[in-house]
**Student:** 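Right, I'll just put the structure down here and ask away after.
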There are 2 protein chains.
Amino acid sequence: MASTEGSSHLCDPSRCPCDDAECALGRYARATAAAADRQGLDTRTLAATEQAVAERLQGLALNMSATAAISNIYRAANAVRNHVERTVLAPHDLTWTGWVVLWVIWIWGRIETRHVAAEAGISKGTLTGVQKTLASRGLVNRVVHPDDARRVLLSLTPHGESLMAELFPRFNAEEAFAVGALDDAAQLQLARSLRAVVHRLEGG
Amino acid sequence: MASTEGSSHLCDPSRCPCDDAECALGRYARATAAAADRQGLDTRTLAATEQAVAERLQGLALNMSATAAISNIYRAANAVRNHVERTVLAPHDLTWTGWVVLWVIWIWGRIETRHVAAEAGISKGTLTGVQKTLASRGLVNRVVHPDDARRVLLSLTPHGESLMAELFPRFNAEEAFAVGALDDAAQLQLARSLRAVVHRLEGG
DNA sequence: ACGGCTTCATTCGCCTACAAACGATGCGTG
DNA sequence: CACGCATCGTTTGTAGGCGAATGAAGCCGT
């Protein structure tokens with residue numbers, strides 16, 4: 001029977017809006033139903049497993065709003081990144097990290113690599129590779145620090161400068177589009193709540 | 001002159017709370033000041049560049065609240081991921097992606113790989129590698145679909161089951177800790193705003 | 001039943017991404 | 001001046017991460 005074919009289509013979370021606290025249980029109910037409908041064989045074992053999962057989740061249902069908030073943080077971050085990569089970065093063969101690094105150098109003009117890594121939120125080792133890629137495309141200059149041969153200074157080439165001048169307005173416009181469904185107060189509230197999360201985790 | 005040594009320490013964004021709309025200009029002012037203090041040589045060129053950057057940013061200052069919200073989404077997502085990796089996942093040699101994949105399989109019991117990739121928010125190709133890693137550790141079973149030889153079904157081994165039973169409560173506790181500075185209403189509001197962003201970008 | 005079309009998972013090349021190890025450089029003290 | 005120690009950036013090894021290409025498998029119209 002084709003019970004595994006048509007009815008096995010799961011609720012795609014990237015399209016299903018129902019993952020807040022109230023709806024999470026409903027979503028899980030749909031999950032169990034779909035799973036029960038999907039299995040075909042060994043009904044008892046899978047049903048027992050699903051039952052056990054339900055008991056586990058119900059035992060921790062008090063933190064459902066936390067789960068909803070956290071999982072949405074991650075999904076939103078990925079959505080923003082993917083959207084910007086497609087609409088702004090991909091036409092110029094730039095990755096997200098490459099863009100962030102360019103942006104940091106653009107803002108600071110001339111900056112040591114360790115500071116670029118800290119500002120961009122990547123490790124030193126990662127920056128070495130990104131910097132090499134950007135330099136090979138003629139976007140970034142690499143100069144040894146005149147006073148300390150251990151350090152390296154990065155700056156944009158004229159080509160990099162003109163690219164940033166062209167891309168930054170588009171990037172900013174996409175940022176504005178992403179939060180376009182929220183009014184100014186909601187945007188500030190969102191930023192404030194997220195900052196509270198960051199402080200809580202990174203120390204503050 | 002040690003002007004490049006002590007005074008070149010930039011405001012570390014991972015620790016500086018000042019990146020909301022009001023403070024962003026202040027942060028940039030500090031940036032320009034630090035840059036001007038840092039350069040030592042070719043003062044005019046760098047100052048002219050900074051001046052040009054200031055003009056560009058001021059011309060787009062209207063979207064500052066959007067920038068603050070978006071950048072905080074990304075920082076918060078990274079903070080959550082790093083925190084959970086350190087506190088819960090690293091002791092068991094699990095990566096974030098590996099955890100998410102395990103979680104999806106745990107919830108759905110038996111699920112096709114394409115659905116796992118969709119639920120976990122990764123590509124099919126990435127899942128192939130992650131699945132291989134998890135299978136090599138005896139956490140995941142891989143079975144060809146009985147009715148369609150193209151598809152592959154994933155499920156947890158008993159070892160994987162017991163690992164999830166142990167780790168999920170800890171994971172959930174860390175999620176709750178991350179948003180612990182917000183009350184329930186703020187958590188739901190945060191989830192709702194983020195969901196609005198996701199809908200806006202992924203279609204809805 | 002046979003030819004195209006679709007839909008899977010996998011593979012490939014390239015690029016992050018991090019921790020740890022490494023080598024080079026600078027600094028401070030004896 | 002020379003020794004140890006701290007601080008850089010880079011390298012190494014392992015694991016994600018994606019798009020595009022690949023090949024196997026099913027579907028469907030003729």
Side-chain angles (χ1 to χ4, degrees), chain A residues 2 4-6 8-9 74 77-78 81-86 89-102 111-118 120-137 139-140 142-154, chain B residues 2 4-6 8-9 74 77-78 81-86 89-102 111-118 120-137 139-140 142-154:
Chain A
T4 51
E5 171 54 24
S8 73
H9 175 68
Y74 212 73
N78 274 335
R81 175 174 168 158
N82 289 334
H83 176 73
V84 173
E85 279 180 343
R86 281 199 311 271
L89 271 32
H92 292 267
D93 241 339
L94 280 177
T95 63
W96 173 268
T97 304
W99 161 263
V100 173
V101 169
L102 279 181
I111 179 174
E112 300 176 21
T113 52
R114 61 200 168 117
H115 294 143
V116 174
I122 60 178
S123 67
K124 301 180 299 176
T126 299
L127 180 61
T128 299
V130 176
Q131 159 217 344
K132 220 174 284 183
T133 300
L134 295 176
S136 74
R137 294 188 193 169
L139 298 172
V140 163
R142 182 186 177 284
V143 179
V144 174
H145 196 292
D147 295 341
D148 187 341
R150 294 173 303 177
R151 305 182 192 178
V152 171
L153 289 168
L154 297 182
Chain B
T4 50
E5 171 54 25
S8 71
H9 176 68
Y74 212 72
N78 275 333
R81 174 173 170 160
N82 290 334
H83 179 254
V84 173
E85 280 180 342
R86 281 198 312 271
L89 270 33
H92 292 268
D93 242 338
L94 279 177
T95 62
W96 172 267
T97 304
W99 161 262
V100 172
V101 168
L102 279 181
I111 179 173
E112 301 175 20
T113 53
R114 61 200 169 116
H115 294 143
V116 174
I122 59 178
S123 68
K124 299 180 298 177
T126 298
L127 180 61
T128 299
V130 175
Q131 160 218 344
K132 220 173 286 184
T133 300
L134 295 176
S136 74
R137 296 187 191 171
L139 298 172
V140 163
R142 182 187 176 280
V143 178
V144 175
H145 195 291
D147 296 340
D148 188 340
R150 295 172 302 179
R151 306 182 191 177
V152 171
L153 289 168
L154 297 183

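Predicted, not measured: the structure shown is a model, and the values here were computed from it. Proteins come first, then strands; the chains are lettered A, B, ... in the order of their sequence lines, and each starts at number 1.
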**Student:** How do B:Arg137 and A:Asn82 order along DNA chain D: which one's closest nucleotide is nearer the 5' end?
**Tutor:**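 Whichever sits nearer the 5' end wins; that is B:Arg137.
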**Student:** Applying salt bridge (charged side-chain N to carboxylate O under 4.0 Å, His left out), can you list everything that pairs with A:Arg150, at least two apart in sequence or on another chain?
**Tutor:**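 Per chain and number, A:Arg150 pairs via salt bridge (charged side-chain N to carboxylate O under 4.0 Å, His left out) with A:Asp148.
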**Student:** Do the side-chain N or O atoms of A:Lys132 get closer than 4.0 angstrom to the phosphate oxygens (OP1, OP2) of D:dT11?
**Tutor:**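 Affirmative; the distance criterion is met.
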**Student:** Ignoring hydrogens, what is the shortest heavy-atom contact between A:Leu89 and A:Trp96? Give both atom names and the distance.
**Tutor:**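 For A:Leu89 versus A:Trp96, the nearest heavy atoms are CD2-CA, 3.9 Å.
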**Student:** Mind checking side chain to side chain donor-acceptor pair (under 3.5 Å) for B:Thr126 and listing every partner two or more places apart, or none if nothing turns up?
**Tutor:**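 Expected list: B:Ser123.
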**Student:** Please give, in whole Å, the distance from C:dC8 P to B:Asp147 CG?
**Tutor:**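 Roughly 14 Å, once rounded to whole Å.
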**Student:** Evaluate the side-chain contact (heavy atoms from CB on, under 4.5 Å) criterion for residues B:Leu102 and B:Leu139: first the C-alpha distance (whole Å), next the side-chain angles of each, then the deciding distance (0.1 Å), finally the verdict.
**Tutor:** CA-CA 8 Å; B:Leu102 279 181; B:Leu139 298 172; 4.1 Å; yes
**Student:** Send over the distance from A:Arg86 CZ to D:dG17 P, rounded to a whole Å.
**Tutor:**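 About 18 Å, once rounded to whole Å.
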**Student:** Would you jot down, in residue-number order, the residues of residues 121-131 of chain A having a non-hydrogen atom under 4.0 Å from DNA chain D?
**Tutor:**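 Those residues are A:Lys124, A:Gly125, A:Thr128, A:Gln131.
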**Student:** Report yes if at least one side-chain N or O of A:Arg81 is closer than 4.0 Å to OP1 or OP2 of D:dC18; otherwise report no.
**Tutor:**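 The answer is no; no side-chain N or O of A:Arg81 sits under 4.0 Å from OP1 or OP2.
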**Student:** In whole angstrom, what separates A:Leu102's CG from C:dT16's P?
**Tutor:**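 Rounding to the nearest Å, CG of A:Leu102 and P of C:dT16 are 11 Å apart.
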**Student:** To the nearest angstrom, how far is B:Asn78 atom CG from D:dG17 atom C1'?
**Tutor:**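 Atom CG in B:Asn78 sits about 14 Å away from atom C1' in D:dG17.
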**Student:** Test B:Ile122 against B:Val101 for side-chain contact (heavy atoms from CB on, under 4.5 Å), laying out the working first.
**Tutor:** CA-CA 9 Å; B:Ile122 59 178; B:Val101 168; 4.1 Å; yes
**Student:** Where do B:Glu112 and B:Val152 land on the side-chain contact (heavy atoms from CB on, under 4.5 Å) test, with the steps shown first?
**Tutor:** CA-CA 6 Å; B:Glu112 301 175 20; B:Val152 171; over 6 Å; no
**Student:** Through what angle, rounded to 10 degrees, does the axis of the helix from C:dA1-D:dT30 to C:dG30-D:dC1 turn between its ends, using five pairs per end?
**Tutor:**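 Roughly 0° between the end axes, to the nearest 10°.
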**Student:** Quick one, which residues of residues 91-98 of chain B touch DNA chain C with a heavy atom under 4.0 Å?
**Tutor:**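 Heavy-atom contacts with DNA chain C come from no residue of residues 91-98 of chain B; none.
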**Student:** For A:Tyr74 and D:dG16, give me the distance from atom OH to atom C1', rounded to whole Å.
**Tutor:**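 Value for this atom pair: 10 Å.
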**Student:** Tabulated below should be each protein N or O lying under 3.5 Å from an N or O of nucleotides 1-7 of chain C; please produce it.
**Tutor:**
residue, atom, partner, partner atom, Å
C:dT7, O2, B:Arg150, NH1, 3.0

**Student:** Given atom CG of A:Leu154 and atom P of D:dC8, what is their separation to the nearest angstrom?
**Tutor:**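 Answer to the nearest Å: 15 Å.
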**Student:** Using atom CG of A:Asp148 as one end and atom P of D:dT7 as the other, report the distance to the nearest whole Å.
**Tutor:**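 After rounding, the gap between these two atoms is 12 Å.
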**Student:** How do A:Thr133 and A:Ala149 order along DNA chain C: which one's closest nucleotide is nearer the 5' end?
**Tutor:**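 Taking each residue's closest nucleotide, the earlier one in sequence belongs to A:Thr133.
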**Student:** Within the side chain of A:His145, is there an N or O that forms a donor-acceptor pair under 3.5 Å with the backbone of A:Asp147?
**Tutor:**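 Judged by distance alone, yes, a pair lies under 3.5 Å.
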